[in-house]
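Here the structure is laid out as structure tokens; the discussion comes afterwards.
Side chains are part of it too, since the values below use all heavy atoms of this structure and drop only hydrogens, waters and symmetry mates.
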Amino acid sequence: QVQLVESGGGLVQAGGSLSLSCAASGRTFSTYAMGWFRQAPGKEREFVAGASWSGVSTYYADSVKGRFTISRDNAKNTVYLQMNSLKSEDTAVYYCAAAPPYRVGVPTTSSEYDYWGQGTPVTVSP
């Protein structure tokens with residue numbers, strides 16, 4: 001099991017950048033596939049990006065491809081989401097999540113993740 005804490009959210013103008021961090025507890029962080037999700041007002045939580053437990057594979061929602069980058073530093077028990085060229089549509093509360101140990105590939109649905117952070121809000125102004 002892991003505990004996750006997001007940070008780095010805030011207010012940014014469209015076209016700007018933000019970097020989110022998710023700090024995880026435990027010594028088995030490297031065995032979990034990690035994902036970023038977001039939830040905008042009036043919308044359901046949606047997948048944004050994910051990284052396999054091996055760190056080799058990543059996967060992105062079509063809406064953020066080419067703009068967002070997920071990375072992980074297992075030595076620091078941290079996963080990051082670098083967000084560039086932000087748009088107003090990116091405004092949401094962003095959550096990081098951890099999948100079961102040694103899950104193959106990159107899960108893309110909420111039900112495939114067992115552990116969640118508290119969320120960090122991102123607001124992109126026009």
Side-chain angles (χ1 to χ4, degrees):
Q1 298 185 3
V2 297
Q3 294 182 350
L4 309 172
V5 180
E6 304 98 331
S7 62
L11 175 66
V12 65
Q13 286 189 315
S17 299
L18 280 177
S19 182
L20 306 183
S21 298
C22 176
S25 65
R27 294 176 57 84
T28 59
F29 172 77
S30 63
T31 69
Y32 292 83
M34 300 295 298
W36 285 97
F37 290 76
R38 66 187 182 187
Q39 187 166 22
K43 299 183 65 177
E44 295 187 6
R45 189 169 298 184
E46 64 176 345
F47 174 80
V48 176
S52 67
W53 69 268
S54 68
V56 174
S57 300
T58 58
Y59 192 79
Y60 299 89
D62 288 342
S63 59
V64 306
K65 285 182 179 178
R67 300 188 298 119
F68 291 10
T69 302
I70 186 172
S71 62
R72 63 191 300 164
D73 187 337
N74 290 340
K76 298 180 179 179
N77 281 12
T78 303
V79 62
Y80 306 92
L81 185 68
Q82 177 64 46
M83 305 185 294
N84 299 324
S85 301
L86 284 162
K87 306 174 181 179
S88 295
E89 304 95 283
D90 297 318
T91 295
V93 176
Y94 284 71
Y95 302 86
C96 68
Y102 300 110
R103 173 71 160 79
V104 176
V106 181
T108 59
T109 63
S110 296
S111 63
E112 295 176 287
Y113 290 85
D114 289 341
Y115 308 105
W116 297 82
Q118 83 288 350
T120 186
V122 172
T123 301
V124 184
S125 62

The reported gap from OG in S63 to NZ in K87 (rounded to nearest 0.5 angstrom) is 8.0 Å
*asked:* Could you check whether any side-chain heavy atom of D90 comes within less than 4.5 Å of a side-chain heavy atom of R38, counting everything from C-beta outward?
replied: yes
CD of Q82 to OG of S17, rounded to nearest 0.5 Å, is 5.5 Å
Between the OG atom in S57 and the CD1 atom in I70, the distance rounded to the nearest 0.5 Å is 11.5 Å
Is there a chain of hydrophobic side chains (I, L, V, M, F, W, Y, each step under 4.5 Å between heavy atoms) that links L18 to V79?
yes
Review point. Side chains of R67 and M83: closer than 4.5 Å at any heavy-atom pair?
Key: no
Distance col, row T69:OG1 vs Y80:OH, nearest 0.5 angstrom, shows 14.0 Å
Should Y115 and Y94 be regarded as members of a common hydrophobic cluster, given that ILVMFWY residues are connected when their side-chain heavy atoms come within less than 4.5 Å of each other, either directly or indirectly? yes
So ring pair (Phe, Tyr, Trp, His ring centres under 6.0 Å) across residues 15-38, not counting sequence neighbours, yields F37-F47, F37-Y113, F37-W116
Looking only at heavy atoms, the pair that brings C96 and E6 closest together is N-OE2, 2.8 Å
Heavy atoms of A14 and P126 approach each other most closely as CB-C, 4.2 Å
Closest non-hydrogen contact found for A98 with L4 is N-CD1, 3.7 Å
Give a yes or no on this: more than 12 heavy atoms of other residues, nucleotides or ligands lie within 6.0 Å of atom CD of Q118. yes
Quick check on the hydrophobic clustering: are L81 and L86 connected, directly or via other members, by side-chain heavy-atom contacts under 4.5 Å? yes
Contacts satisfying ring pair (Phe, Tyr, Trp, His ring centres under 6.0 Å) that involve residues 52-78 (not counting sequence neighbours) are W53-Y102
- request: Report yes or no: does T91 contribute a side-chain atom to a donor-acceptor pair with the main-chain N or O of T123 at less than 3.5 Å?
  value: no
Using a cut-off of 6.0 Å, state whether more than 12 heavy atoms not belonging to K65 lie near its atom NZ.
yes
Here the gap from S125 atom OG to Q13 atom CD, rounded to the nearest 0.5 Å, amounts to 4.5 Å
Does a side-chain heavy-atom distance below 4.5 Å link T120 with L20? yes
Taken to the nearest 0.5 Å, the spacing of N84 CG from S19 OG works out to 9.0 Å
Determine whether Q3 and V5 make a side-chain contact, defined as any pair of heavy atoms from C-beta on separated by less than 4.5 Å. no
Is V48 reachable from V12 through a run of hydrophobic residues whose side-chain heavy atoms are each under 4.5 Å from the next?
yes
Main chain of V93, side chain of Q39: is a donor-acceptor contact present, judged purely on distance under 3.5 Å?
no
Heavy-atom closest pair (A40 atom, A92 atom, distance to 0.1 Å) is N-CB, 3.7 Å
Scanning both residues in full, the closest heavy-atom pair of S21 with T78 reads CB-CG2, 4.3 Å
Does M34 share a hydrophobic cluster with V2, counting links as ILVMFWY side-chain heavy atoms below 4.5 Å and allowing steps through other members? yes
When you measure from the centre of the six-membered ring of Y95, is the NZ or CZ of R45 under 6.0 Å away and within 45° of the axis?
yes
